[in-house]
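Being a predicted model, the structure only gives us computed values, none of them experimental. Residue numbers run from 1 in the order of the sequence given.
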Amino acid sequence: MKLVEFHVDSITGGTDALIDVMVKLGDGEKIITAKATEPDIINASVKAYIAGVNRLIEDK
């Protein structure tokens, strides 16, 4: 699997901001998009990546 795109947006402002992470993952045959929203950028990134990997695995 390959990370094709990684995009981060801040939904709200301030110290308790929500972060929206979008990842595009590809496996050579298809590309899927997965998103996650969390107050922590690392948690949002991990959740989005895992969701994308799971979708690619389920589709096989």
Side-chain angles (χ1 to χ4, degrees):
M1 281 177 225
K2 179 179 173 183
L3 179 64
V4 177
E5 185 177 337
F6 178 81
H7 185 80
V8 178
D9 280 322
S10 176
I11 297 175
T12 60
T15 58
D16 59 346
L18 285 176
I19 307 298
D20 188 40
V21 173
M22 184 275 303
V23 295
K24 287 187 180 181
L25 300 173
D27 66 355
E29 296 175 12
K30 68 167 58 174
I31 294 175
I32 63 97
T33 301
K35 294 175 86 175
T37 303
E38 291 283 326
D40 182 84
I41 191 171
I42 294 172
N43 287 340
S45 300
V46 170
K47 285 185 177 183
Y49 191 85
I50 289 172
V53 168
N54 285 337
R55 284 186 57 202
L56 280 173
I57 290 171
E58 287 174 1
D59 289 347
K60 289 199 175 227

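- With values rounded to the nearest 0.5 angstrom, Asp20 atom CG is found 11.0 Å from Thr12 atom OG1.
- Ala48 and Ala36 make their closest contact through N-CB, 3.6 Å (heavy atoms, listed as atom of the first residue, atom of the second, distance).
- Residues His7 and Asp9 have side chains in contact (heavy-atom distance under 4.5 Å, counting atoms from C-beta outward).
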Report task. Using the side chain to side chain contact (heavy atoms under 4.5 Å, CB included) rule, take Asp40 and Lys47 through it: C-alpha gap first, then chi angles, then the decisive distance, then the call. Result -> CA-CA 11 Å; Asp40 182 84; Lys47 285 185 177 183; over 6 Å; no
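- For the atom pair Met1 CE and Asp27 CG, the distance stands at 7.0 Å (nearest 0.5 Å).
- Residues Leu18 and Val21 do not share a hydrophobic cluster, clusters being chains of Ile/Leu/Val/Met/Phe/Trp/Tyr side chains in contact below 4.5 Å.
- Interatomic distance, Glu5 CD to Ile31 CD1, rounded to the nearest 0.5 Å: 9.5 Å.
- Here the side chains of Leu3 and Leu25 are in contact, with some heavy-atom distance below 4.5 Å.
- The distance from atom CD1 of Ile41 to atom CD1 of Ile19, rounded to the nearest 0.5 Å, is 6.0 Å.
- More than 12 non-hydrogen atoms from other residues, nucleotides or ligands lie less than 6.0 angstrom from CD1 of Ile11.
- Both Tyr49 and Phe6 sit in one connected hydrophobic cluster of ILVMFWY residues. Membership requires side-chain heavy atoms under 4.5 Å apart, directly or through other members.
- Ile50 and Met22 fall into different hydrophobic clusters, where Ile, Leu, Val, Met, Phe, Trp and Tyr side chains are chained together by heavy-atom contacts under 4.5 Å.
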